[in-house]
Amino acid sequence: MNTFNAILSSLGKVGMYAFLLGVGLPLIFAFGIRFMSVETATVSANGTPGTQRNQAAYALALALFAIVAAAVVIGILFIAKDFIGHQFGWYILGAKQK
């Protein structure tokens, strides 16, 4: 029974991470796209209507894109951690020295 509980626990952890990365990162990216498209209506001096990009929403969009990019870079480094450790001697993200 102990093995069964360990398998269920491990399966739950894998499922949670898969959900967070499989749904969470695209959701963050989608919010970044949405915030990037926020515009404010303006009227010029001669009375013609126009739009102007909302700078606060644009800055938030860039921050969300930076989070997604950082997650991608960390994921690639995690996959290649043993190769990086072997080739360059940089043992990062839990790589073990042999």
Side-chain angles (χ1 to χ4, degrees):
M1 192 67 177
N2 192 17
T3 304
F4 182 71
N5 289 337
I7 289 172
L8 281 180
S9 174
S10 298
L11 187 60
K13 289 178 185 177
V14 169
M16 179 187 66
Y17 285 120
F19 182 76
L20 287 176
L21 296 175
V23 174
L25 286 178
L27 184 67
I28 292 171
F29 184 80
F31 277 124
I33 294 292
R34 176 66 181 108
F35 283 122
M36 188 169 271
S37 67
V38 172
E39 293 181 343
T40 305
T42 60
V43 178
S44 64
N46 61 3
T48 58
T51 59
Q52 182 179 8
R53 178 176 287 167
N54 186 332
Q55 296 300 319
Y58 187 73
L60 181 59
L62 291 180
L64 292 174
F65 292 147
I67 290 170
V68 172
V72 169
V73 169
I74 290 171
I76 291 170
L77 289 175
F78 185 77
I79 290 170
K81 66 183 176 182
D82 290 327
F83 174 78
I84 294 169
H86 178 72
Q87 293 294 322
F88 303 107
W90 303 334
Y91 296 96
I92 58 172
L93 297 173
K96 293 182 174 67
Q97 188 172 2
K98 295 183 179 181

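Here the structure is a predicted model, which means the values were calculated and not measured.
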Sequence neighbours excluded and cut-off under 3.5 Å, please list the side-chain donor-acceptor pairs for residues 54-67, or say none.
residue : atom : partner : partner atom : Å
N54     : OD1  : A56     : N            : 3.2

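- The CD1 atom of I92 sits 10.0 Å away from atom CD1 of I74, with the distance rounded to the nearest 0.5 Å.
- Residue I84 holds its CD1 atom at 10.0 Å from CD1 of I76, rounded to the nearest 0.5 Å.
- Around atom CD of Q52, no more than 12 heavy atoms belonging to other residues, nucleotides or ligands sit under 6.0 Å away.
- Contacts of F88 classified as ring pair (Phe, Tyr, Trp, His ring centres under 6.0 Å), with partners at least two apart in sequence or in another chain: W90.
- Expressed to the nearest 0.5 Å, how far CG of L93 lies from CG of L77 amounts to 6.0 Å.
- With Y91 contributing its side chain and G85 its backbone, the two residues share a donor-acceptor pair below 3.5 Å.
- F78 and V73 fall within the same hydrophobic cluster, where Ile, Leu, Val, Met, Phe, Trp and Tyr residues are linked whenever their side-chain heavy atoms come under 4.5 Å apart, directly or through other members.
- How far CG of L21 is from OH of Y17: 9.0 Å, rounded to the nearest 0.5 Å.
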Donor-acceptor contacts under 3.5 Å from residues 29-38 side chains, at least two apart:
residue : atom : partner : partner atom : Å
R34     : NH1  : S37     : OG           : 3.4
S37     : OG   : R34     : O            : 2.8

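- Taking each heavy atom of K81 and A95 in turn, the nearest pair found is O-CB, 3.8 Å.
- Taken to the nearest 0.5 Å, the NZ atom of K96 stands 8.5 Å off from the CG atom of D82.
- Under a hydrophobic clustering in which Ile, Leu, Val, Met, Phe, Trp and Tyr are joined whenever their side-chain heavy atoms come within less than 4.5 Å, directly or via other members, V68 and L27 fall into the same cluster.
- Looking only at distances, a side-chain donor or acceptor of S10 sits under 3.5 Å from a matching main-chain atom of A6.
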